[in-house]
Amino acid sequence: MIATIARKEFLEIVRDGRFKWTAALMVLLLVTSLLAGWQRFNSYSQIQATAQGSTNTQWLKQGDKNPHTAAHYGNYAFKPLGPLAFFDSGIVNYAGTAVFMEAHKQNFPIARPATDTSAVARFGELNGAMILQVLLPLLIIFLGFTAFSGERETGTLRQLMSMGVSRGSLLWGKAAGIAAAVLLVVLPCLAVGALALAATGLQTAGGGIWTRVALIGGAYLGYAAVFLFLTLAVSAWANTARAALMALVGFWAFTAFIMPKTAAEVSRLVEPSPAFGTFMAEMKEHQKRGIDGISPRIRIAEYRGELFRKYGVSRVQDLPLYWTAVSMQKLEELDHPVFEQHYNAVRDEYAQQLRLQDRLGVLAPLLPLRSISMTLSGTDLIQHNKFMAETEVFRRNMVLKMNTYLSQAAANLNGVNSATNYMVANEDVFAIVPPFRYEPPALRDIVASQAGNFTLLAGWLLAAIALALVAVKRMSLERN
Amino acid sequence: MYRLIISHETRSLARTGALWAILALLVFAIGFAAFAGGRAIARQARGAADAVAFENGERAKMRQDTEAYAAEVAASGGTYEFATVNHVPGRGPPQGTNAGVVGAETAAYVALPPTGLAALSIGQSDVQLNYLPASMGTTLDMIKNLETENPVNLQTGPFDIAFVVIFLLPIFILAMTYDLLSSEKERGTLAMILAHPVSLRELMASKIVARATVILAVVVGFGLLALLSVGTQLDQAETWLRFALWIVATLLYSLFWFSLAVLVNVYGKSSATNGTILAGIWLILVVVVPTLVSLLATTLYPAPSRMDLIVAAREAQTAGEKNMGSALDRFYSEHMDQVPTGDQRAMDFLTLAQANAANIEQALLPLYEQFREQSLHQEGLVQRFQYLSPAIMMQLALNEISGTSTARYQDFLDQAFRFRGQWNDFFASRFLKREPLRPEDYDQFPSFSYVPEPLATVLGRLATSLAGLLLVCAGVTLLPFAGLRRYQVAAR
């Protein structure tokens with residue numbers, strides 16, 4: 001019985017004029033966006049790999065110089081992307097793609113592509129994720145809002161029920177019919193996307209790429225099903241087809257456009273983050289003041305005393321380590337807790353903001369889906385934070401290695417006349433700093449971080465199905 | 001007759017819950033957007049103020065040192081001398097006497113002041129920092145940093161009044177008008193009404209006027225309230241001119257959506273079909289076309305990668321360094337505190353460091369020009385394609401009116417770069433001549449004052465978008481009234 005209803009629903013939709021138009025538009029946009037995303041990802045990855053290779057060489061070939069000066073010259077880390085970025089570019093355009101790693105300073109990521117685009121880019125980026133998040137639900141609404149309300153208006157609903165169809169099987173049949181019509185549009189496009197992915201991504205993907213694809217696919221399927229059952233529920237509930245349409249389009253606009261921005265503003269309100277100028281001024285003041293209120297100058301003097309006692313000497317000249325290098329490393333380490341406090345505060349504020357936005361997903365199923373999609377595509381905040389954290393690990397190691405080398409190699413220069421008071425290192429010394437490598441977080445951790453969002457989405461699905469069942473049970477067969 | 005129908009329509013509208021629900025949502029959205037926009041602008045202003053205060057504090061300390069030193073010199077009868085770079089504190093002249101140190105180690109922040117309407121349309125102002133540090137480094141050092149804002153929120157975009165007007169207002173308008181004639185026809189009341197001495201055109205016009213009056217009164221009224229609650233420069237005539245333009249743009253944009261609903265109604269399909277068609281058109285004009293235009297702009301004229309720019313800058317830096325005197329000079333370049341008093345090489349070094357920055361700047365200039373060129377191409381393309389969607393025209397217009405457009409920012413950048421040149425020259429010339437900075441010289445430091453663009457320039461840029469809106473509006477308004485002739489008033 002369900003199969004018969006599904007076939008009837010499917011044929012009716014596919015033969016309708018609105019299906020042809022919406023399907024054509026959908027296919028056009030989805031294929032365009034996937035191909036454009038594919039081209040962008042390839043171009044980005046190529047530039048990123050070349051740039052990282054070039055800076056690694058530049059570090060080694062920076063010319064003979066003092067190791068500490070080399071640490072000032074520093075190195076750049078360019079953020080690599082996983083292949084699924086072609087489908088969901090997430091925060092890539094807004095998060096910064098490069099970090100300068102230098103002595104004495106932790107830096108924010110720079111080079112955000114969003115700064116080099118026209119204002120019209122703020123309407124959003126046309127990518128696969130955006131189409132499935134925003135346009136797919138509307139397609140489902142357009143195809144399904146007359147499912148019950150239309151039949152009621154034309155009087156066929158009563159006829160149908162008189163033939164002994166159970167209300168449950170009517171719901172499932174209609175759901176299957178609409179789903180088949182939607183999949184008819186979406187699946188071929190996604191096949192194109194999968195081919196594009198297979199053509200480029202696999203060598204850079206690492207493990208678990210198809211697991212990611214399956215999880216993303218499952219999440220989007222669940223999201224689409226939420227809208228399918230909500231559409232059927234409202235269609236059964238509403239008095240007229242146009243009332244059903246109004247309610248559904250209203251909910252769609254609410255979840256796709258109003259809620260994401262509202263959630264962002266609310267999260268900013270609850271957990272504000274400082275402006276750039278404020279952040280920098282506060283951090284620099286704190287650096288000068290010292291983490292615990294004792295200025296670095298005093299700390300360095302204390303440290304010199306410690307070293308004197310440790311080595312049983314009373315003059316810098318007698319120290320077995322090059323004091324300049326040792327003191328610079330000490331200064332560096334005095335700054336570490338200050339950096340941690342300030343940068344981690346910002347990082348945590350962002351994370352709190354996102355958590356709050358995810359939780360507001362109880363009002364709009366788009367919010368948990370958006371996070372799942374970005375995270376599994378490797379273009380989210382978690383991975384951005386991991387990238388930043390790894391650049392800081394690299395930076396500290398680079399500075400430590402250079403200062404330590406200098407402190408030992410120049411030990412004989414303590415107190416020596418300034419004209420000869422420097423040492424020069426070459427490429428071999430710079431090579432003790434291994435090149436920057438970014439290891440994306442393990443798939444297991446990523447999936448675990450999204451457990452709440454998956455639960456929320458599952459909750460939405462169950463609620464939508466329950467709502468549809470109740471609505472169909474109570475559905476009146478006549479307009480009232 | 002018009003008056004009678006309008007008052008009847010208004011009264012019957014007032015009796016439906018839908019109108020009040022829509023108006024309540026609209027008022028709430030405007031209020032929330034004004035609040036959020038006001039906070040965003042205040043945050044920017046605070047960031048700028050904190051950055052300025054910090055750098056000014058640094059310079060004030062240097063000045064205090066020079067004052068103390070000047071007093072000491074005057075008391076002891078010695079000569080006021082030029083400090084070498086960062087010697088041991090407590091001996092000799094303070095750092096504040098060295099123009100090279102003051103100019104390179106402190107920055108003068110230049111700021112683009114927001115217009116009185118900035119909170120209404122955030123535009124690109126959240127990704128284009130409106131306060132930039134000018135120092136003796138390179139131009140690119142000025143513009144590398146951005147606002148420390150959650151990238152997720154940047155990607156989502158602000159909930160500002162421009163969003164309410166461009167995205168939500170059409171939805172509210174369409175919700176009130178999608179069944180303008182079709183519902184009366186479906187209920188069978190349309191034929192009855194037309195049995196009275198009233199034409200379909202009169203009826204239609206009255207229905208639109210009734211709805212438009214209500215919605216626009218709310219938009220303009222609450223828009224004004226929003227402006228009053230967040231406005232920064234309400235005392236200026238220009239703010240009010242900008243607000244008037246904002247109202248004109250909003251009226252035109254609203255008129256377009258009202259007329260579109262009429263146009264679809266004239267084709268005489270069922271309410272449900274009208275709703276579907278209008279929702280589809282909204283989606284295409286407000287979401288699909290703008291994102292496609294953006295895709296087209298960035299695909300045809302992709303900005304060169306900033307990653308390439310960074311690599312090129314380092315290439316130039318290395319080349320410059322390899323030309324620099326000796327390894328010692330290089331070491332001192334990072335550690336001026338290690339330079340002993342009176343070390344001539346340290347002085348030479350700062351001179352060289354200056355030359356080095358100039359080298360990098362020279363090498364990067366062509367690349368930077370490429371950025372600007374591509375960005376101009378992109379803007380040009382968007383300007384040409386904006387006529388495809390009233391939403392794009394409206395966004396460009398609102399950004400221009402609120403002073404958050406890319407063009408205004410580019411003009412600010414030009415001024416900021418010129419100022420960096422002045423700042424650099426002021427300190428470099430004194431430094432190279434080894435002229436000690438005296439306390440009173442601190443009053444002579446170049447200071448930045450933003451020169452607003454002439455209003456005519458702003459209006460000129462605005463004119464294209466507004467004219468486009470007007471044209472589209474006129475087209476969509478006239479079409480349905482011509483088509484009404486053939487309207488079928490009763491179901492067949």
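In what follows, chains carry the letters A, B, and so on, assigned in the order in which the sequence lines appear, proteins first and then strands, with residues in each chain numbered from 1.
If you measure heavy-atom distances from B:T406 to chain A, the contacts under 4.5 Å come from the side chain alone. Within the 4.5 angstrom heavy-atom criterion, no atom of A:P113 approaches chain B. Using a 4.5 Å cut-off between heavy atoms, A:N93 does not touch chain B at all. With a 4.5 angstrom heavy-atom cutoff, B:E55 touches chain A only via side-chain atoms. Heavy-atom distances place the side chain of A:L138, and not its backbone, under 4.5 Å from chain B. The parts of A:V120 that come within reach of chain B are both its backbone and its side chain, each placing non-hydrogen atoms under 4.5 angstrom from that chain. Residue contact with chain B, scored on non-hydrogen atoms closer than 4.5 Å, is absent for A:R347. Of the atoms belonging to B:L154, heavy atoms from both backbone and side chain fall under 4.5 Å from chain A. When heavy atoms are compared at a cutoff of 4.5 Å, B:Q395 approaches chain A solely by way of its side chain, counted from C-beta outward. Residue contact with chain A, scored on non-hydrogen atoms closer than 4.5 Å, is absent for B:V164. Contacts of B:Q128 with chain A are made by side-chain atoms alone, with heavy-atom separations under 4.5 Å and no backbone atom involved. Within the 4.5 angstrom heavy-atom criterion, no atom of B:Y409 approaches chain A. Both the backbone and the side chain of B:E149 come within less than 4.5 Å of a heavy atom of chain A. With a 4.5 Å cut-off on non-hydrogen atoms, B:A297 does not touch chain A at all.
Although no hydrogens or angles enter the test, the distance criterion places a donor-acceptor pair under 3.5 Å between the side chain of A:E265 and the main chain of B:F159.
Taking the six-membered ring where the residue is Trp, the centroids of A:W59 and A:Y76 are separated by 6.0 Å or more.
Each of B:L292, B:L309, B:I143, B:N150 has some count of heavy-atom pairs under 4.5 Å with chain A, and the biggest count is that of B:N150.
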